[in-house]
Novice: 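Sharing a structure with you now.
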Amino acid sequence: MFRRFYGYMKDYRKYGLFSCACVALEVMFELVIPLVMADIIDVGVANGDRSYIITKGIEMCILALMALGLGAAYSRFAALCGQGLGAELRKAEYQKIQSFSFSNTDHFTTSSLVTRLTSDVTVIQNAVTTGLRPVVRAPVMMVTALCLSFSINARLALIFLVAAPLLGIILFTIISHVRPLYSRMQRSVDLVNRIVQENLTAVRAVKAYVREGYEMEKFDAVNSELQTVSERAFGLACMNMPAMQYVMYATIVSILWFGGSLIFTGGMQVGELTGFLSYVLQVLNSLMMISNVFMMVTRSMASGKRILEVLDEEIEIQDESRESLTVEEGGITFDHVSFKYKKNAKEYVLSDVSLDIKPGQTVGIIGGTGSGKSTLVNLIPRFYDVTEGGVYVDGHDVREYPLDQLRGKTGVVPQKAVLFHGTLRENMQWGKKHASDGEIYEALKTAQAFEFVEEKDEGLELYIQAGGKNLSGGQRQRLTIARALVRKPEILIMDDSASALDFATDARLRKAMKERTQDMTVFIVSQRATTVRNADQIVVLDDGRLAGMGTHRELLKTCEVYREICLSQLSKEEVQ
């Protein structure tokens, strides 16, 4: 894991090395200070040599100032290294998420991905920013201070052989209990984010059904769980400090007891004991720092594992095509297509569907809820790959096309109208990056969106909130249709994209679309018989199977499923 994360530091490794060097030098200067202090007591004070005391005092001040400067330099370099690593991890995660197919996205909840991009990365970058110092300082200080302690009095230094194992046992016990709690804590953060996101997205439904109390109860439940787990985790983690201090003070008392006896017997001088105690404190402080590093690493490992789960997610739809294929005409063939979302699923969503769509045809797809209509059209731009059979565009399997070519020639209007924060022009240029105002207005007219845009003083500079929240459902749908038309694709997929339109607007839209899409292969997925009845071919799906295909009149005679749909929606005159 650490090697993986080290690879993401590439441009920031130098700052990490600089910060480590600063810490090492800082420790060296700090470790010299007790020796100087011992000389002041044993030589300057003992002999009453004021000039010696002043000289050594100035020397101590210089050493302290140099240590201070190196400490400040470390802070700067560590911040650059830690924040740089955090930025690289967020970038890598976001790029990986962008390459996810729909099936990959189904493996994670949205709230979990947000937590992994934010909270988990923050834990890692904070571990680097605050952890480099103790990682370098503690071992250097401990080894050097131990050596100097043994050089002052080897017998007294043997006390460390009792204190160190005791500290190790305490640390191991705490970490073994805390580690699983950190993983639970991050999962609890996922749940809190999910509840908040769901509530904000569905705030109108919550208000309409007066369910604020119920939502508060749901939030209180997950919030209490996060609080409980966090309290247990940090409560155990905080036990580390008092336990270490208990051992440290016990060690100091033991040293004072035995050291005092040595002074009385002439085996040690007062200055040596003072210097020895300074090194003892540094050794014990370094052990405490090491224990804190272990606690920090324990938490960062829990977050690191979650980050690597995203980075190591195997992309199910790979863009491995090396052919320079591009969609020219838009003819579509479904050859005995079967599909299920999970390989181990018992039932197929689509079963043995075969269709042959000529270029330029308009195809209506109709069927009951859950019959597989959206799934069928999602196979064309390879949002999912077929489980069995094949989908062919212009005679080539869709897997032979580079994804940017296949999807670049396909316009998709999804069931849920999705708009992005920014101006109307920016949203329309998602369809075509450098679309002119004329092209945009032409698409808006076809989509029956020109009138309400014209009424706005801002025109194409109209600001659209995230998700198009400042627009009505019908307006959002018409704008997403216009965005797809701006692209002028060879294949246009409209997945129940006019459900929020009134019948009059829907009729005008269908008439305008017929004129605009003569050279396109158009798929219209709808629950309304009126929307698909004039299509060149109508595909009827029933429970994932092809129930019928033909024109409106042909299907009324040959397909019972289609006839039942029409009778439930149309008058007898319209059915005829």
Side-chain angles (χ1 to χ4, degrees), residues 200-201 203-205 208 330 360 362 364 377 381 407-528 530-535:
L200 293 176
T201 302
V203 63
R204 288 176 173 80
T362 296
V377 293
R407 294 174 181 174
K409 295 289 186 176
T410 305
V412 179
V413 187
Q415 279 183 320
K416 183 179 180 181
V418 177
L419 296 171
F420 301 87
H421 74 89
T423 65
L424 175 58
R425 179 184 285 105
E426 289 170 345
N427 271 272
M428 292 299 102
Q429 288 177 339
W430 272 69
K432 183 179 179 182
K433 188 174 182 180
H434 300 293
S436 65
D437 288 0
E439 290 175 305
I440 294 173
Y441 279 123
E442 184 182 356
L444 289 172
K445 289 177 182 177
T446 303
Q448 308 303 303
F450 179 74
E451 290 183 3
F452 84 79
V453 172
E454 193 178 32
E455 292 173 358
K456 306 289 185 180
D457 295 334
E458 303 94 328
L460 295 181
E461 294 302 316
L462 173 67
Y463 179 76
I464 296 177
Q465 296 177 6
K469 291 182 179 179
N470 56 333
L471 301 173
S472 69
Q475 289 172 338
R476 288 197 296 268
Q477 285 192 336
R478 283 178 279 172
L479 289 180
T480 53
I481 293 171
R483 181 176 60 196
L485 292 174
V486 167
R487 173 173 282 187
K488 298 179 181 176
E490 273 67 22
I491 302 170
L492 177 63
I493 299 171
M494 299 178 64
D495 188 0
D496 205 12
S497 54
S499 57
L501 303 185
D502 60 80
F503 286 99
T505 304
D506 186 26
R508 292 196 302 271
L509 173 65
R510 282 187 278 116
K511 181 179 179 181
M513 289 288 293
K514 187 174 182 179
E515 298 173 359
R516 178 70 183 271
T517 61
Q518 290 180 356
D519 298 327
M520 301 179 192
T521 304
V522 182
F523 289 85
I524 302 174
V525 178
S526 180
Q527 301 280 1
R528 296 178 181 177
T530 53
T531 302
V532 301
R533 65 179 295 179
N534 294 320

Novice: Taking only residues two or more places apart in sequence, or in another chain, which ones meet E426 in a side chain to side chain contact (heavy atoms under 4.5 Å, CB included)?
Specialist: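 Checked E426 against side chain to side chain contact (heavy atoms under 4.5 Å, CB included); matches are T423.
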Novice: Quick one: does any side-chain atom of Q429 pair with a main-chain N or O of A435 as donor and acceptor, under 3.5 Å?
Specialist: yes
Novice: Are any side-chain N or O atoms of T480 and backbone N or O atoms of V413, one a donor and one an acceptor, separated by less than 3.5 Å?
Specialist: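 Judged by distance alone, no pair lies under 3.5 Å.
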Novice: Looking at residues at least two apart in the chain, or sitting in another chain, which of them share a side chain to side chain donor-acceptor pair (under 3.5 Å) with D437?
Specialist: R425
Novice: What residues, two or more places apart in sequence or in another chain, satisfy side chain to side chain contact (heavy atoms under 4.5 Å, CB included) together with D519?
Specialist: none
Novice: Check for a donor-acceptor pair, side chain of N470 on one end and backbone N or O of Q465 on the other, with a separation under 3.5 Å.
Specialist: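 Flag set: sc N470 to bb Q465 pair under 3.5 Å.
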Novice: How long is the gap from CD1 on I440 to NZ on K432, to the nearest 0.5 Å?
Specialist: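 That separation rounds to 10.0 Å.
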Novice: Search all heavy atoms of T521 against all heavy atoms of G360 and return the closest pair with its distance.
Specialist: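 Residues T521 and G360, closest heavy atoms: OG1-N, 3.1 Å.
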Novice: Closest approach of P414 and V412, non-hydrogen atoms and distance?
Specialist: CD-O, 3.6 Å
Novice: With a 4.5 Å cut-off on side-chain heavy atoms, are M513 and I524 touching?
Specialist: no
Novice: With D495, which residues qualify under side chain to side chain donor-acceptor pair (under 3.5 Å), at least two apart?
Specialist: S374
Novice: Considering only distance and modelled atom types, tabulate donor-acceptor pairs under 3.5 Å from the side chains of residues 482-494, sequence neighbours left out.
Specialist:
residue : atom : partner : partner atom : Å
R483    : NH1  : V418    : O            : 2.8
R483    : NH2  : V418    : O            : 2.9
R487    : NE   : G431    : O            : 3.2
R487    : NH1  : R407    : O            : 2.8
R487    : NH1  : T410    : O            : 2.9

Novice: For the backbone of E439 and the side chain of S436, can you confirm whether one donor and one acceptor N or O come within less than 3.5 Å of each other?
Specialist: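 Such a contact is found between S436 side chain and E439 backbone.
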Novice: Taking salt bridge (charged side-chain N to carboxylate O under 4.0 Å, His left out) as the definition, give me every residue that meets it alongside R476, ordered by chain and number, with sequence neighbours left out.
Specialist: none
Novice: For L462 and V453: C-alpha separation, side-chain torsions, deciding distance, then whether side chain to side chain contact (heavy atoms under 4.5 Å, CB included) applies.
Specialist: CA-CA 8 Å; L462 173 67; V453 172; 5.5 Å; no
Novice: Would R478 and F452 count as a cation-pi pair here, with the cationic atom under 6.0 angstrom from the ring centre and within 45° of the axis?
Specialist: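 Geometry flag: not set, cation outside 6.0 Å or 45°.
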Novice: Are the side chains of D496 and T531 in touch, meaning some heavy atoms are under 4.5 Å apart?
Specialist: no
Novice: Do you know which two heavy atoms are closest between G459 and L424, and how far apart they sit?
Specialist: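 Nearest pair, atom of G459 first, then L424: O-CD2, 4.0 Å.
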Novice: Suppose we screen for side chain to side chain donor-acceptor pair (under 3.5 Å). Which residues come up paired with T446, at least two apart in sequence or across chains?
Specialist: R516
Novice: Applying side chain to side chain contact (heavy atoms under 4.5 Å, CB included), can you list everything that pairs with K416, at least two apart in sequence or on another chain?
Specialist: none
Novice: Keeping the roles fixed (side chain from Q477, backbone from G474), state whether a donor-acceptor pair exists under 3.5 Å.
Specialist: no
Novice: Quick one: does any side-chain atom of E451 pair with a main-chain N or O of Q448 as donor and acceptor, under 3.5 Å?
Specialist: no
Novice: Any pair with a residue in residues 409-441 that passes ring-ring contact (aromatic ring centres under 6.0 Å, His included), sequence neighbours left out, goes on the list, sorted by first then second residue, please.
Specialist: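 Listed once each, the pairs are F420-W430, Y441-F450.
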Novice: Once you round to the nearest 0.5 Å, how far does CZ of R510 lie from OG1 of T505?
Specialist: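 One gets 11.0 Å once the value is rounded to the nearest 0.5 Å.
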Novice: How long is the span from the CD1 atom in I464 to the CG atom in N427, to the nearest 0.5 Å?
Specialist: 4.5 Å
Novice: Output all residues satisfying ring-ring contact (aromatic ring centres under 6.0 Å, His included) with Y463, sequence neighbours left out; order by chain, then residue number.
Specialist: none
Novice: According to side chain to side chain donor-acceptor pair (under 3.5 Å), who are the partners of E442, at least two apart in sequence or on a separate chain?
Specialist: none
Novice: How far apart are the closest heavy atoms of L479 and A449, and which atoms are they?
Specialist: CD2-CB, 4.0 Å
